[in-house]
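Chain letters run A, B, ... following the sequence lines, proteins first, then strands; residues in each count from 1. The structure displayed is predicted, hence computed values, not measured ones.
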2 protein chains.
Amino acid sequence: MGRQRSRTVTLTDVARLAGVSVATASKALNARDEVAPETRRRVLEAAEELRFQPSVLARGLQTGRTRTIGLLTDELAHRFSIPILLGVENALANGQMSVLLCDARGDAIRRQHYIRTLIARQVDGFVVLGDSNDVRPSLTPQIPVPVVYVYGESDDPRDVSVLADDEHGSRLATEHLVSLGRRQIAHVTGPQSYRAARDRATSLRVVLASAGLALAGGAPLYGEWSQRWGRTAAKMLLAANPDIDAISCGNDQIAAGVAAAVRELGRRVPDDVSIVGYDNWHEFAADCQPPLTTVDLNLQQIGEIAVKHLFAALDGQPSSGVVRQPSRLIVRDSTGPRLSPARTSTD
Amino acid sequence: MGRQRSRTVTLTDVARLAGVSVATASKALNARDEVAPETRRRVLEAAEELRFQPSVLARGLQTGRTRTIGLLTDELAHRFSIPILLGVENALANGQMSVLLCDARGDAIRRQHYIRTLIARQVDGFVVLGDSNDVRPSLTPQIPVPVVYVYGESDDPRDVSVLADDEHGSRLATEHLVSLGRRQIAHVTGPQSYRAARDRATSLRVVLASAGLALAGGAPLYGEWSQRWGRTAAKMLLAANPDIDAISCGNDQIAAGVAAAVRELGRRVPDDVSIVGYDNWHEFAADCQPPLTTVDLNLQQIGEIAVKHLFAALDGQPSSGVVRQPSRLIVRDSTGPRLSPARTSTD
DNA sequence: CTGAAAGCGCTTACAG
DNA sequence: CTGAAAGCGCTTACAG
């Protein structure tokens, strides 16, 4: 480890090799146009030859800009955190920024500690990644640099929050079911305490109402985000209401459980009962039997857009309010037309 | 955003308030013992009052230590990356270190770029997180600071690699099945190109052999890491060899597929056929029907141990070779004794 | 167009 | 025990 520790090459080395002062070398490398073309060429050549990498520390100390962003997450272990984080990291790298990662793990003390740490490291801005899409208290008052909230909405409207659009996603899914001729549509979802569950259910009912339909079973079945709950709920639903011809699920795990139970009860998916999931969690949705039609939240784009807003703020153009990223319907085999003949399956 | 930008307080401010020089203030804060107790007290008080946070940049420029680690991942999106990353982040935070995250996403160009970036930022060390537990080319020659490899083994034995112990995990799982009286044990796993698949299969056969058993079906069924493959393989196995009483699976997704197919074929799990998974991926293992007995790789500990080795190297005590973290068997309902009477299920 | 000088916020010999 | 001074590697007025 660290076997060939070579002295790092410094701007002074470059200047010496190019035969100029460090001041001139600095200007040449930073493309300030007070430098003669020939001089610039020599400096760039020297830098290239020495594989010069300017010290981000020294530059940061001088300019106050560290080209570093603090990414403060509530709970990195959550499934949706990673795609968002990838989007953030991607967009930052394009802007030559690096990201300091801090995961508070739902602990307020730890979060406070990390906020101080990131400030001490003089990050240029913060990305605050929520652990649910519920509204959360703004952290901005304690943070002296621009902040953008992702996935979870800040309770201060002066902040900017980049969010998934559950109204839109649920509408896509529901319209899809309606357009397939489904008329007895039930809804199985997670705990009512989650904004995601409530928003998706509300949007579903709005779309059904505008199609002249009522929610099968009367009310959404709130439960938990698990296959187990999906299995239980599907059995309850089909026992109470055998005419159900579609089940919209609050996430893909629930949908996988629903699909298993529906098949176990001898109904065909999608012919007898069509099923839609939510989230497009690949291992559950694409690998389900049958593969699930579902809603993709475009999480990576959410992360990228958040960074765009942060960059704008760093350039003195802060934004505020809520930005919603549209969702995308992914159609697979768990949904199909209502009155189709039994399909000649090649499954 | 960034509404109340306050001037950051500097060591000079603290020194002034405490009525000492910056040199003395610095010594007092860094607990060097050339400072009078009373003086130290005044300085600490002043720092506290001003909520002083030393500039990591300035300190780093001076000392050459940035208290920052570069975490270079091959593919953060992989399931096992997150627990390891959490372990790393946790252990680093305990050491007052921050982590710069760079995900190469399997792209060599991008990886090179990130290595240069991290070096330019003068990280004190690297953690290189592999995207599989296959052996990988060492990156150490290009990196002038200590490096520790995690999950994927470096091909240079002078490097230190902290790995999961698949031999151990597979042994735990197999011994568990054997101890339950299972005698016709088959193995369904991922692609043979994966070291994880090969190592787990090898260990399984060793344990079986030492118990005087042969692998049911003659050879492991290599396929893919999916539920679908689990379903397919289970049907093949039970058709060809109806006496199979246990199926060991290369991961939890496969096991979930196997469990679904076994039940569909009218066999009871665990009574007729016991099933073990691998990975303890909660959403698949704990939420399976029935919940899966599986092997936990202790990924978070792997990350923490890697950091310990890195810290040791930073203290001038580098290690080398392979360090393996023992696994842990998680017993749930998918395994049980062989000749039990039909259970009075409360499921 | 070029370079000497000051300074970013610290730490660390060194002198007193 | 305390403090003036130099220096970490840059950038940026400023003078020439």
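- The interatomic distance linking K27(A) (NZ) with dA15(D) (P) rounds to 13 Å, in whole Å.
- In a base pair of the Watson-Crick type (N1 to N3 plus N6-O4 or O6-N4) or a G-U wobble (N1-O2 and O6-N3), with each distance short of 3.5 Å, dC14(C) is matched with dG3(D).
- When the nearest nucleotides of DNA chain C are assigned to A23(A) and A23(B) by heavy-atom distance, the more 5′-ward of the two goes with A23(A).
- By the 4.0 Å N-to-carboxylate-O rule, E45(A) lies too far from R42(A) to be salt-bridged with it.
- More than 12 heavy atoms of other residues, nucleotides or ligands sit less than 6.0 Å from atom CD of E38(A).
- Side-chain contact check for Y151(A) and S81(A): no donor-acceptor pair (N or O, by modelled atom type) lies under 3.5 Å.
- The nearest whole Å value for the distance from the CG atom in L29(A) to the P atom in dC10(D) is 9 Å.
- Neither OP1 nor OP2 of dT2(D) sits under 4.0 Å from any side-chain N or O of T24(B).
- R65(B) has its CZ atom 20 Å from the C1' atom of dG9(C), to the nearest Å.
- D13(B) has its CG atom 13 Å from the C1' atom of dC10(C), to the nearest Å.
- Residue S26(A) places no side-chain N or O under 4.0 Å from the OP1 or OP2 atom of dC10(D).
- Remark: C1' of dG3(D) and CZ of R16(B) are 16 Å apart, rounded to the nearest angstrom.
- A sub-4.0 Å separation between OP1 or OP2 of dT2(D) and a side-chain N or O of T39(B) is present.
- A salt bridge is absent between D107(A) and R105(A); no separation between the charged side-chain nitrogens and carboxylate oxygens falls under 4.0 Å.
- Dense packing is recorded around NE2 of H113(B), with more than 12 heavy atoms of other residues, nucleotides or ligands lying under 6.0 Å away.
- If you take CD of Q53(B) and P of dG9(C), they are 15 Å apart, rounded to a whole angstrom.
- Nearer to the 5' terminus of DNA chain D, by closest-nucleotide assignment, is the contact made by P37(B) (compared with the other of P37(B) and L61(B)).
- As a whole-Å value, the separation of L57(B) CG from dT11(D) P is 14 Å.
- Counting to the nearest Å, the C1' atom of dT12(D) and the CG atom of L11(A) are 13 Å from each other.
- Where S21(B) and T10(A) meet DNA chain D, the nucleotide closest to each residue was compared, and S21(B) sits on the side nearer the 5' end.
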